[in-house]
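Before any comments, here is the structure.
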2 protein chains.
Amino acid sequence: MTERKPRKDATRNRDVVFAAADALFANDSGAEEVTMADIAAAAGVGKGTLFRAFGDRTGLIRALYAARLEPLNSAVETGDPPLGPGTPPRERISALLDAMLCFKLDNRHLALALEQGSANSPYGTANYEDWHLLIRELLGDRPAADFTAHALLAAVRADLVEYLTDVRGLSRAELREQLSAFADSVL
Amino acid sequence: MTERKPRKDATRNRDVVFAAADALFANDSGAEEVTMADIAAAAGVGKGTLFRAFGDRTGLIRALYAARLEPLNSAVETGDPPLGPGTPPRERISALLDAMLCFKLDNRHLALALEQGSANSPYGTANYEDWHLLIRELLGDRPAADFTAHALLAAVRADLVEYLTDVRGLSRAELREQLSAFADSVL
DNA sequence: CGAAGATACGGACCGCCGGTCCGTTTTGCA
DNA sequence: TGCAAAACGGACCGGCGGTCCGTATCTTCG
């Protein structure tokens, strides 16, 4: 009974806002240059609408990130190998890390905005715990499995990825290659 | 000839500001809650003095961080084993990571403030490149040595350390233990 | 179908914070 | 002791995240 379906304009605006925010973030200028007012203007809505719908800036970024990550998440939960269940652990971990890396590469600015947002880091995002738990279980009972899972995830953090590509000039292929070799050496 | 020694009050104020900022950051309330005005007030100087001396907020944090890190840095460059030169590579890497972890634990709030500061991350800090280069060379010519060095450093990032201690409740000893085991498995 | 209640809208408004400016004070040198 | 250079400090500014409330839109029910 505590559920009331939202009005139609509300959900429509939600989509519009996502699209606008996505475009602004993607538009290679720095991540945190984009203000809430910018997003509101680009979406053609009032600032109040943004805050009512998402609570605060962090909420908006988190919602957008979750929406973009969703396909990958469901591919992992109920998809075909090598991402989905039923893949041998070692192989699946490699696939997960590679997929995560590609996601960060493709959504660099968004991921950066999320991971830099003051007081959150990746830790505290809903799905972080899921990813960690999954990898940790795939690692089996090796020593320090828990920490190893964290370390593997830390190896694909958005700001590291950005640094390696934008500052160090690594190509996508090189990065994937190195990550893969590193993962192999850990497993 | 482009060198002019600074006035005495300037250097004195610099120290006072360091002490005040350190105290405020350490005082467990969140890292980014501390404003420049707070620091100025605590140090008993005007806000202008802060900005003249350090340029901007990031500059102040970087300077403070560098000052606190300096002992560790020189212990690494010209110290006794296991941190200093002349230690076998594997062993030295473990020692370096452990030392870094302990440093992050002891200077948690400061390190957090630095690594979260918008648009910098750890990458872009002067000493990051040094640490990376050192570890990379200690790794020898194994595959993906470069990326591996980055990944090892990512495993001791301040926000991960904070998450593991404050949220997951790991003790200092447990953390060091796990990091050590992880490092062993990589080497 | 029409009206009333509920829900969402939007932009003026607020408080705070990083950063600047410039009149005043301190320092160092001769 | 006098004077220029350097540093000081706090009033001030612009912009941003977030709030508020009068208005517009939807939905439901008679």
Side-chain angles (χ1 to χ4, degrees), chain A residues 1-21 24-25 29-65 109-110 112-114 116-120, chain B residues 1-21 24-25 29-65 109-110 112-114 116-120:
Chain A
M1 290 299 102
T2 57
E3 283 300 306
R4 284 188 89 71
K5 68 179 176 186
R7 252 168 53 174
K8 204 193 299 187
D9 50 351
T11 62
R12 182 175 41 76
N13 273 339
R14 199 182 151 89
D15 295 344
V16 175
V17 167
F18 272 168
L24 287 181
F25 281 134
S29 55
E32 303 294 280
E33 307 304 306
V34 182
T35 75
M36 291 290 120
D38 289 340
I39 297 175
V45 303
K47 243 179 27 159
T49 304
L50 255 58
F51 286 95
R52 199 168 336 95
F54 302 102
D56 59 10
R57 183 190 169 84
T58 301
L60 166 54
I61 294 175
R62 281 226 263 257
L64 179 53
Y65 186 84
H109 299 93
L110 173 57
L112 260 182
L114 175 71
Q116 284 183 1
S118 43
N120 34 8
Chain B
M1 291 305 99
T2 58
E3 284 301 306
R4 284 188 88 73
K5 68 178 174 183
R7 253 168 54 172
K8 203 192 299 186
D9 50 352
T11 63
R12 182 175 42 75
N13 273 339
R14 198 183 152 89
D15 294 345
V16 175
V17 167
F18 272 169
L24 287 181
F25 281 134
S29 55
E32 304 293 281
E33 305 305 306
V34 182
T35 75
M36 290 290 118
D38 289 340
I39 297 175
V45 303
K47 242 179 25 158
T49 304
L50 255 57
F51 286 96
R52 198 169 335 95
F54 301 102
D56 58 11
R57 183 190 169 85
T58 300
L60 166 54
I61 294 174
R62 282 228 262 257
L64 180 52
Y65 186 84
H109 299 94
L110 173 57
L112 260 182
L114 175 70
Q116 283 183 2
S118 42
N120 34 10

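Numbers restart at 1 for each chain; the letters A, B, ... are given by sequence-line order, proteins then strands.
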- Message: Reading DNA chain D from 5' onward, which residue's closest nucleotide shows up sooner: A:Gly48 or A:Glu33?
- Response: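 The 5'-side residue here is A:Glu33.
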
[X] side-chain proximity, nearest of [options]:
| X | options | result |
| --- | --- | --- |
| B:Lys5 | C:dG18, C:dC29, C:dC9 | C:dC29 |
| B:Phe51 | C:dG18, C:dG10, D:dC8 | C:dG18 |
| A:Lys47 | D:dG9, C:dC9, C:dC13 | C:dC13 |
| A:Thr49 | C:dG10, D:dT25, C:dC29 | C:dG10 |
| B:Arg7 | C:dG18, D:dA5, C:dA8 | D:dA5 |
| B:Thr35 | D:dG17, D:dC8, C:dC17 | C:dC17 |
| B:Asp9 | D:dT19, C:dT26, D:dG9 | C:dT26 |

- Message: Test side chain to side chain contact (heavy atoms under 4.5 Å, CB included) on B:Ile61 and B:Phe25; report intermediate values, then the result.
- Response: CA-CA 10 Å; B:Ile61 294 174; B:Phe25 281 134; 4.2 Å; yes

- Nearest nucleotide by nearest heavy atom, which residue falls closer to the 5' end of DNA chain C, A:Gly44 or B:Arg57?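 Going by which nucleotide is closer to the 5' end, it is A:Gly44.
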
- Task: Assign each of A:Arg52 and B:Lys8 to its nearest nucleotide of DNA chain C by heavy atoms, then name whichever residue's nucleotide is nearer the 5' end.
- Result: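 Its nearest nucleotide lies further toward 5', so the answer is A:Arg52.
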
- Query: Does B:Asn13 place a side-chain N or O at less than 4.0 Å from the phosphate oxygens OP1/OP2 of D:dC8?
  - Reply: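 Answer is yes, contact under 4.0 Å.
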
